[in-house]
Amino acid sequence: MVSAGPELISPRSARVSAARRLARRNFRGKERLFLAEGPQAVREAAAHRTQDTATLVELFTTPEAAERYADIVGAARDAGARVHLASDEVVADISTTVTPQGLVGVCRFLDTPFEEILAARPRLVAVLAHVRDPGNAGTVLRCADAAGADAVVLTDASVDLYNPKAVRASVGSHFHLPVAVNVPVERAVTGLREAGVRLLAADGAGDRDLDEELDKGTMGGPTGWIFGNEAWGLPEETRALADAVVRVPIHGKAESLNLATAAAVCLYASARAQRAAGGSRSVTES
């Protein structure tokens, strides 16, 4: 058990300053540490380990939050994290949210080498090829997690996995499935294809319809969905790398779907098709 340290009153404390700097990408990369805020993210961080190394390094908590979330604070101590009781001012100074929930964890990077993902022979993968908005990236990661995907790949043209907004938007899913980062688009496609994965580019102007693909029974095998930029979609050179370009049909009058919604539809469609083909994608099935 690791005992709580003294109350950190001043935001100018060296430990507070070090944690606050992790809001900036260059410091995250240098230290290979990132922030996880709120009870859900901290709970998942405390439970996560990479081989024999605990992911959660430190936890800053207000006395009120420590009492309210005593189980999470206890789990953090059990994981070997150093727990700091801190004033509301200190936690707010570290936090990147408008209304902090009183818990901010400092975590080790947890991305997975792309080669390890390929070696595991994934059946469902989300590839974020040109996603720049961190909130969208985190939400797609959450969707992939919920759909039972085996991995997520962020290309070198996409946002930082550890951006605080991306971490918040994933609501703990950062800690649930393998994620590879900084993979060139061509390498992502080539590697997955060699691993037996069919690559589908999701695009509103696709020449194939998702409903028709489901009806034809073409989606039961290992599948990787390539998702593009929120504003301008996938560039032609990336679309050309895919085995097919698929659109989500719009049956009503909406102009389009946003990235995260389209990703959820595509990933769940594949998950259902794979279950129908004999593979289980649900962790809740008996």
Side-chain angles (χ1 to χ4, degrees), residues 25-26 28-29 32 109-134 136-141 143-145 147 149-163 166 170 173-174 177-208 210 213 218-248 257-260 262-267 269-271 273-274:
R25 183 170 187 170
N26 60 329
R28 290 195 297 272
R32 291 194 59 78
F109 275 18
L110 40 71
D111 45 277
T112 300
F114 184 50
E115 290 70 22
E116 289 187 16
I117 289 175
L118 298 179
R121 309 295 291 186
R123 288 184 51 80
L124 184 57
V125 181
V127 179
L128 279 62
H130 302 272
V131 177
R132 303 292 176 82
D133 181 88
N136 278 332
T139 303
V140 173
L141 178 56
C143 292
D145 180 17
D150 299 300
V152 173
V153 177
L154 273 73
T155 72
D156 53 3
S158 287
V159 70
D160 176 21
L161 171 67
Y162 302 110
N163 181 291
S170 83
S173 288
H174 269 66
L177 74 171
V179 183
V181 300
N182 298 322
V183 182
V185 175
E186 294 82 359
R187 171 60 183 142
V189 170
T190 300
L192 288 169
R193 184 172 286 127
E194 290 175 349
V197 176
R198 181 183 182 225
L199 278 303
L200 302 179
D203 195 292
D207 56 359
R208 299 198 188 183
L210 179 61
E213 292 296 304
T218 62
M219 297 181 58
T223 303
W225 281 100
I226 307 173
F227 302 109
N229 183 269
E230 300 82 352
W232 38 263
L234 288 166
E236 181 56 39
E237 57 268 25
T238 301
R239 288 161 51 104
L241 294 172
D243 296 302
V245 182
V246 180
R247 66 183 183 276
V248 176
L257 295 175
N258 65 28
L259 172 65
V265 171
C266 294
L267 291 165
S270 285
Q274 290 177 357

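- Side-chain contact check for Arg247 versus Leu257: every heavy-atom pair is 4.5 Å or farther apart.
- Take Glu237 and apply the side chain to side chain donor-acceptor pair (under 3.5 Å) test, not counting sequence neighbours, and it matches no residue.
- Here the closest non-hydrogen pair linking Val185 and Thr238 is CG1-CG2, 3.9 Å.
- Looking at heavy atoms from C-beta onward, Leu154 lies in side-chain contact with Val179 at the 4.5 angstrom threshold.
- Minimum heavy-atom separation, Asp133 to Asn136: OD2-N, 2.8 Å.
- Every residue two or more places apart in sequence or in another chain that forms a side chain to side chain donor-acceptor pair (under 3.5 Å) with Arg193 is listed here: Asp243.
- Applying the side chain to side chain contact (heavy atoms under 4.5 Å, CB included) criterion to Ala242, with sequence neighbours excluded, gives Ala201, Ile226.
- Not counting sequence neighbours, Asp156 has no partner by the side chain to side chain donor-acceptor pair (under 3.5 Å) test.
- Of all non-hydrogen atoms in Trp225 and Ser270, the two that sit nearest each other are NE1-OG, 2.7 Å.
- The two residues Pro178 and Ile117 come nearest to each other via the heavy atoms CB-CG1, 4.0 Å.
- Under the side chain to side chain donor-acceptor pair (under 3.5 Å) criterion, Thr139 pairs with no residue, sequence neighbours left out.
- Here the closest heavy-atom approach between residue Val265 and residue Leu210 is recorded as CG1-CD2, 3.7 Å.
- Contacts of Ala205 classified as side chain to side chain contact (heavy atoms under 4.5 Å, CB included), with partners at least two apart in sequence or in another chain: Asp203, Arg239.
- Here Arg187 pairs with Glu115 under the salt bridge (Lys or Arg N to Asp or Glu O under 4.0 Å) rule; sequence neighbours left out.
- The nearest pair of heavy atoms linking Ala147 to Leu267 is CB-CB, 3.9 Å.
- Applying the side chain to side chain contact (heavy atoms under 4.5 Å, CB included) test to Ala157 and every residue at least two apart in sequence or in another chain returns His130, Arg132, Thr155.
- Considering only residues two or more places apart in sequence or on other chains, Arg28 meets the side chain to side chain contact (heavy atoms under 4.5 Å, CB included) condition with Leu22, Arg25, Phe34, Phe109, Asp160, Tyr162, Asn163, Pro164.
- With a 4.5 Å cut-off on side-chain heavy atoms, Pro222 and Asp150 do not count as touching.
- The closest side-chain heavy-atom distance from Leu141 to His174 is below 4.5 Å.
- Take Asp145 and apply the salt bridge (Lys or Arg N to Asp or Glu O under 4.0 Å) test, not counting sequence neighbours, and it matches no residue.
- Under the salt bridge (Lys or Arg N to Asp or Glu O under 4.0 Å) criterion, Glu194 pairs with no residue at all, not counting sequence neighbours.
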